[in-house]
Amino acid sequence: MAQSHRFWNWIARRYARMPVRDDASYREKLRRTQAVLQPDWSVLEFGCGTGTTALEHAPHVTEIRGIDSAPKMIEICRERARTTGCDNASFDIAAIDGLDQPDSSLDAVLGMSILHLVDDRDAVIASVHRMLRPGGVFISSTICLEGQARLFRRVILPMANLVGVLPRIHAFSRTDLIAALEAAGFEIEDNWQPDEDATKAVFVIARKPA
């Protein structure tokens with residue numbers, strides 16, 4: 001975990017300046033998410049990075065809390081919230097693992113580009129299910145790397161050689177991800193991969209039955 005923190009702290013400012021790789025897909029994910037969100041909802045985003053997505057969704061809910069284990073990322077989140085005048089978004093240094101969140105206390109949980117980075121994906125999914133009220137949604141976007149050896153050769157390994165430390169990345173398939181969500185008790189409402197391109201993240205809206 002210390003290595004992961006070191007990497008994200010090191011890259012935070014640079015990451016904040018990076019353009020979105022596939023802006024059209026990102027905007028479509030925002031649209032699909034906001035079609036589900038309700039004005040009176042309380043929302044948590046874990047692994048919130050520099051806060052871009054949380055701040056996009058803040059006007060559509062009562063409150064949104066972003067958490068990330070990298071202090072430098074949270075520093076940027078808070079700067080952005082102040083700059084934009086967003087007063088219903090809060091950001092804290094924390095990880096989803098062991099988060100002290102009461103049962104059935106949230107309307108939505110977001111996990112964007114994070115499930116492939118957590119140590120125990122299924123335990124995290126189970127925790128999210130516990131935190132959500134009946135009828136709540138878990139919205140995620142996940143890189144499913146199983147079988148994507150070319151991506152490792154062309155992107156991941158060169159980065160590892162350059163930086164010298166990377167968070168551990170877990171490889172599983174889109175089918176594995178959906179099966180894990182269903183096994184935790186979720187019902188899948190949206191299962192979308194842009195252009196059906198296996199190198200792009202899988203966007204899922206999973207609902208806890210009412």
J.: For D122 versus A180, what's the shortest heavy-atom pair and its separation?
T.: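 Nearest heavy atoms, D122 then A180: OD1-CB, 3.5 Å.
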
J.: How long is the straight-line distance from CD of Q193 back to CD1 of I143, given to the nearest 0.5 Å?
T.: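 Interatomic distance, I143 CD1 to Q193 CD, rounded to 0.5 Å: 10.5 Å.
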
J.: Are the charged groups of R174 and E196 less than 4.0 angstrom apart, N to O?
T.: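 Salt bridge: yes.
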
J.: Please confirm whether the backbone N or O of T50 pairs with a side-chain atom of D68, one donor and one acceptor, at under 3.5 Å?
T.: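 No, the answer is negative, given that no donor and acceptor are paired below the 3.5 Å cut-off.
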
J.: CZ/R82 to SG/C77 distance, rounded to the nearest 0.5 angstrom?
T.: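 Answer rounded to 0.5 Å: 11.0 Å.
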
J.: Is any side-chain heavy atom of E45 closer than 4.5 Å to one of V43?
T.: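 When only atoms from C-beta onward are counted, E45 and V43 do not touch, as no gap falls below 4.5 Å.
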
J.: Is there a side-chain contact between K72 and I93 (heavy atoms, below 4.5 Å)?
T.: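 In short, these two side chains do not touch, never coming nearer than 4.5 Å.
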
J.: Drop me the distance from D22's CG to R27's CZ, to the nearest 0.5 angstrom.
T.: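 The CG atom of D22 sits 11.5 Å away from the CZ atom of R27.
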
J.: Minimum heavy-atom separation for L115 to I125, with atom names?
T.: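 Shortest heavy-atom contact: CD2-CG1, 4.4 Å.
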
J.: If Ile, Leu, Val, Met, Phe, Trp and Tyr residues are connected whenever their side-chain heavy atoms lie under 4.5 Å apart, and connections chain through other members, are V204 and I96 in the same group?
T.: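 Yes, one cluster joins them.
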
J.: Could you check whether any side-chain heavy atom of V124 comes within less than 4.5 Å of a side-chain heavy atom of I114, counting everything from C-beta outward?
T.: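 SC-SC contact between V124 and I114 ruled out.
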
J.: May I have the step-by-step check of side-chain hydrogen bond (donor to acceptor under 3.5 Å, both in side chains) for T52 and R80, ending in yes or no?
T.: CA-CA 8 Å; T52 302; R80 287 181 165 177; 2.6 Å; yes

J.: Can you tell me how far the CG atom of L132 sits from the OG atom of S127, to the nearest 0.5 Å?
T.: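 One gets 11.0 Å once the value is rounded to the nearest 0.5 Å.
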
J.: Hey, do the aromatic rings of F138 and H129 have their centres closer than 6.0 Å?
T.: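 No; H129 has its ring centre 6.0 Å or more from that of F138.
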
J.: Kindly give the heavy-atom pair with the smallest separation between S113 and H116, and that separation in Å.
T.: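 What the structure gives for the nearest pair is C-CE1, 3.4 Å.
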
J.: Checking D197 now: which residues fulfil side chain to side chain contact (heavy atoms under 4.5 Å, CB included) with it, not counting sequence neighbours?
T.: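 Checked D197 against side chain to side chain contact (heavy atoms under 4.5 Å, CB included); matches are D195, T199, K200.
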
J.: Should D190 and V36 be marked as a side chain to side chain contact (heavy atoms under 4.5 Å, CB included) after you check the CA-CA gap, both sets of side-chain angles, and the distance that decides it?
T.: CA-CA 11 Å; D190 197 353; V36 174; over 6 Å; no

J.: If you look at every heavy atom in I74 and C48, which pair is closest and at what distance?
T.: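 Distance-wise, the nearest heavy atoms are CD1-SG, 3.9 Å.
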
J.: Under the criterion salt bridge (Lys or Arg N to Asp or Glu O under 4.0 Å), which of R133, R207, K208 is the partner of D107?
T.: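 That would be R133; it is the only one of R133, R207, K208 passing the salt bridge (Lys or Arg N to Asp or Glu O under 4.0 Å) with D107.
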
J.: Going by the side chain to side chain contact (heavy atoms under 4.5 Å, CB included) test, name the single residue among T142, N191, T33 that passes it with F203.
T.: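 Of the listed residues T142, N191, T33, the side chain to side chain contact (heavy atoms under 4.5 Å, CB included) partner of F203 is T33.
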
J.: Do T62 and Q38 have side chains that get closer than 4.5 Å, going by heavy atoms?
T.: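 No, too far: nothing below the 4.5 Å cut-off.
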
J.: According to ring pair (Phe, Tyr, Trp, His ring centres under 6.0 Å), does anything in residues 25-76 pair up with another residue at least two apart or in another chain? List the pairs.
T.: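 Matches after skipping sequence neighbours: none remain.
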
J.: Any chain of hydrophobic side-chain contacts (each under 4.5 Å) joining I188 to L37?
T.: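 Unlinked, I188 and L37 end up in two clusters.
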
J.: Is there a path from F172 to F186 through hydrophobic residues (I, L, V, M, F, W, Y) whose side chains come within less than 4.5 Å of each other?
T.: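 Yes.
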
J.: For P102 and S105, which heavy atoms make the closest approach, and how far apart are they?
T.: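 Shortest heavy-atom contact: O-OG, 2.6 Å.
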
J.: Within this structure, what is the CD1-OG distance for the pair I205 and S141, rounded to the nearest 0.5 Å?
T.: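 If I round to the nearest 0.5 Å, the distance is 11.0 Å.
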
J.: Taking L181 as the starting point, is it possible to reach W192 by hopping between hydrophobic residues whose side chains are less than 4.5 Å apart?
T.: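 As far as the 4.5 Å side-chain criterion goes, L181 and W192 are not connected within one cluster.
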
J.: Atom CG in D103, atom CZ in R130: separation rounded to 0.5 Å?
T.: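 Here the interatomic distance stands at 4.5 Å.
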
J.: Indicate if L110 and I76 have the same hydrophobic cluster label, given that clusters are the connected sets of ILVMFWY residues with side-chain heavy-atom separations under 4.5 angstrom.
T.: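 No, because L110 and I76 fall into different hydrophobic clusters, even though each may have its own neighbours under 4.5 Å.
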
J.: Nearest heavy-atom pair of I67 and A95: which atoms, and what distance?
T.: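 Shortest heavy-atom contact: CD1-C, 3.9 Å.
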
